[in-house]
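First up is the structure itself, then whatever we jot down about it.
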Amino acid sequence: MGVDLGDLLERENIEIKELSGSWIAVDAFNTLYQFLSIIRQKDGTPLKDGSGRTTSHLSGILYRMTNLLEAGAKVAFVFDGEPPRFKRGTLDQRAETRSRAQEMWERAREEGLDGFKYAQAATRLGDDMVADSKRLLEAMGIPVIQAPSEGEAQAAFMAIRGDVDLVASQDYDALLFGAPQVVRNMAVTGKRKLPGKNVYVDVQPEVIDLARELSRLGIDREQLVDIGILCGTDYNVGLRRVGPKTALKLIREHGTLERVLKARGETIEDAVEIRELFLHPPTDNDYEIEMKRPDADKVMAFLCDERDFSQERVEKAVKRLEEAVKVGQSTLDKWF
DNA sequence: CCAGGTCA
DNA sequence: TGACCTGGG
C-alpha cells in the first residue's frame with residue numbers, strides 16, 4: 001500500500017553488486033509482508049513447521065539477507081512501533097480486506113479452484129512472526145531497530161543522518177519521510193511472479209533518488225508530501241479523481257496543499273497535521289547499527305530444531321553468512 | 001522468495 | 001552455463 005507515486009518518479013535500475021559497501025535500512029514490515037505473501041506453495045499455503053507455524057518469512061530473511069551480505073551490503077531491520085492515529089482507517093480497511101480474502105481462499109479450496117491470489121491478499125503478519133523474525137535476525141548478527149512509530153520514518157531519519165545510505169521498501173512513503181534514496185525490488189534472482197498468472201518476469205532492483213526527482217519535477221519535499229496527501233496516503237483519503245499526475249499539476253499551479261484545497265473548494269481532514277507527520281515524524285536517535293558476528297549455533301538451533309528447516313541448507317547459508325561478515329569487517333575489503 | 005536439481 | 005522446474009517448512 002502506501003502512497004501511490006510510482007507514475008511520477010523515475011527509478012534507476014541497479015545490480016545487486018552495486019550495493020556493496022552500502023548500509024541499507026530495511027523497512028521490516030514491508031519486507032516481511034512481501035515474503036509472507038510470495039513464499040507459498042502452488043495452492044497458496046505458506047511454508048510451515050511441524051506444528052503449523054508459518055515460516056515463509058524466516059526462509060526469506062535467511063536466504064535474501066545472506067545473499068545481500070555476501071554481495072557486500074550491510075543491513076539493519078527497522079520495525080514499526082505504534083501507528084499514527086491517522087492510520088486507523090487504513091488499518092481497519094486492511095483487516096476487512098484480509099478477512100474477505102480469507103473467506104474467498106477457503107471457498108476456492110473447497111471448490112478445488114486456484115486461490116493463490118486470495119491467499120496472498122489474506123496475508124497476516126502476526127506478533128509471533130514479528131518475534132520470530134527479530135530472533136532470527138539477531139542470531140544472524142543483523143541489527144534490529146525498534147521505531148517509535150512508522151518504521152519507514154525511522155529508516156528515513158537514519159538515512160538523513162547519514163548512518164545508512166538507502167532505505168529498502170516497496171513503498172514510496174520513505175521518500176515523503178525524507179529518505180535521500182529508496183531501493184525497491186531488492187531481490188537477488190530478479191524473477192518475480194506476475195499477479196494472477198503463473199508467469200515469471202525479470203525484475204531488477206531499482207533506486208529512486210529524492211533530490212534528483214525533486215529537481216526534475218521542480219518541486220521541494222514539502223510539495224511532494226502535499227502531492228501525496230492530495231492523491232491519498234495511509235493517513236488520508238485523497239481527492240476524488242486526483243492521482244499523482246493531477247496532484248503534481250495542482251501543486252505546480254497553486255504551490256501548496258492549502259491553496260489547492262481553497263481553489264477547489266474541497267477539504268481533506270487533518271491535512272496539515274498529516275503533512276507535519278511526514279515532515280517531522282516521531283523517531284529515535286539512540287539506535288545502534290553494527291553488524292555482529294553471526295551465532296551459527298543459535299541460527300541452527302532455532303531454524304532446524306524449532307522450525308524444522310533442513311540442517312544441510314541452513315548450514316550452507318550460515319557458512320556463507322559467516323564468510324560474508326568476516327570479509328565485510330576486514331578493513332582490507334575496500335581495497336579490492 | 002530462494003536453493004538446488006535437470007537438461008540441452 | 002543458463003533456462004526451467006520443483007520443493008522448501
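In the text below, chain A, chain B and the rest are named by the order of the sequence lines, each starting its count at 1. No experiment lies behind these values; they were computed from the predicted model shown.
The local environment of CZ in R107(A) is sparse, with at most 12 non-hydrogen atoms from other residues, nucleotides or ligands closer than 6.0 Å.
Between the CG atom of L47(A) and the P atom of dC1(B) there is a distance of 14 Å, given to the nearest Å. The separation between Y33(A) atom OH and dC1(B) atom C1' is 17 Å, rounded to whole Å. The CG-C1' distance, from N67(A) to dG4(B), rounds to 13 Å in whole Å. Protein atom CD of Q204(A) is 13 Å distant from nucleotide atom P of dC1(B), rounded to whole Å. Between Q41(A) atom CD and dC2(B) atom P there is a gap of 18 Å when expressed in whole angstrom units. Summarising the geometry, the separation between NE2 on H57(A) and C1' on dC2(B) is reported as 16 Å, rounded to the nearest angstrom. For I39(A) and dC1(B), the CD1 to C1' distance is 4 Å, given to the nearest whole Å. Taking atom NZ of residue K48(A) and atom C1' of nucleotide dG7(C), one finds them 16 Å apart after rounding to whole Å.
Judged as a side-chain hydrogen bond (donor to acceptor under 3.5 Å, both in side chains), and not counting sequence neighbours, the contacts of D92(A) are R88(A). Under the rule for a salt bridge (Lys or Arg N to Asp or Glu O under 4.0 Å), D27(A) has no partner lying at least two apart in sequence or in another chain. The salt bridge (Lys or Arg N to Asp or Glu O under 4.0 Å) test applied to R94(A) returns D234(A), not counting sequence neighbours. By the side-chain contact (heavy atoms from CB on, under 4.5 Å) test, L113(A) is found to be paired with A108(A), E111(A), residues two or more places apart in sequence or in another chain being considered. The side-chain hydrogen bond (donor to acceptor under 3.5 Å, both in side chains) check on T123(A) picks up R40(A), with sequence neighbours excluded. Taking the side-chain hydrogen bond (donor to acceptor under 3.5 Å, both in side chains) definition, one finds that D163(A) meets it with Y287(A), sequence neighbours left out.
Residues in residues 67-76 of chain A take part in these salt bridge (Lys or Arg N to Asp or Glu O under 4.0 Å) pairs, two or more places apart or across chains: E70(A)-R320(A). Pairs passing the ring-ring contact (aromatic ring centres under 6.0 Å, His included) check and including a residue from residues 120-155 of chain A, sequence neighbours excluded, do not occur. Identified under the ring-ring contact (aromatic ring centres under 6.0 Å, His included) test for residues 119-168 of chain A, with sequence neighbours left out: none.
Counting any heavy atom pair closer than 4.0 Å across all strands shown, S310(A) reaches sugar-phosphate atoms only and no base atom. Residue R53(A) is classed as having no contact, given no heavy-atom separation below 4.0 Å to the nucleic acid.
Using a 4.0 Å cut-off on heavy atoms, none of the residues of residues 299-309 of chain A approach DNA chain B. Near-neighbour residues of DNA chain C inside residues 127-143 of chain A, defined by a heavy atom below 4.0 Å, are absent. For DNA chain B, the residues of residues 311-320 of chain A within the heavy-atom distance limit of 4.0 Å (strictly under) are R313(A), K316(A), R320(A), sorted by number.
Between Y235(A) and F278(A), the distance separating the two ring centers is shorter than 6.0 angstrom.
For the pair R64(A) and dC2(B), the criterion of a side-chain N or O lying under 4.0 Å from OP1 or OP2 is met.
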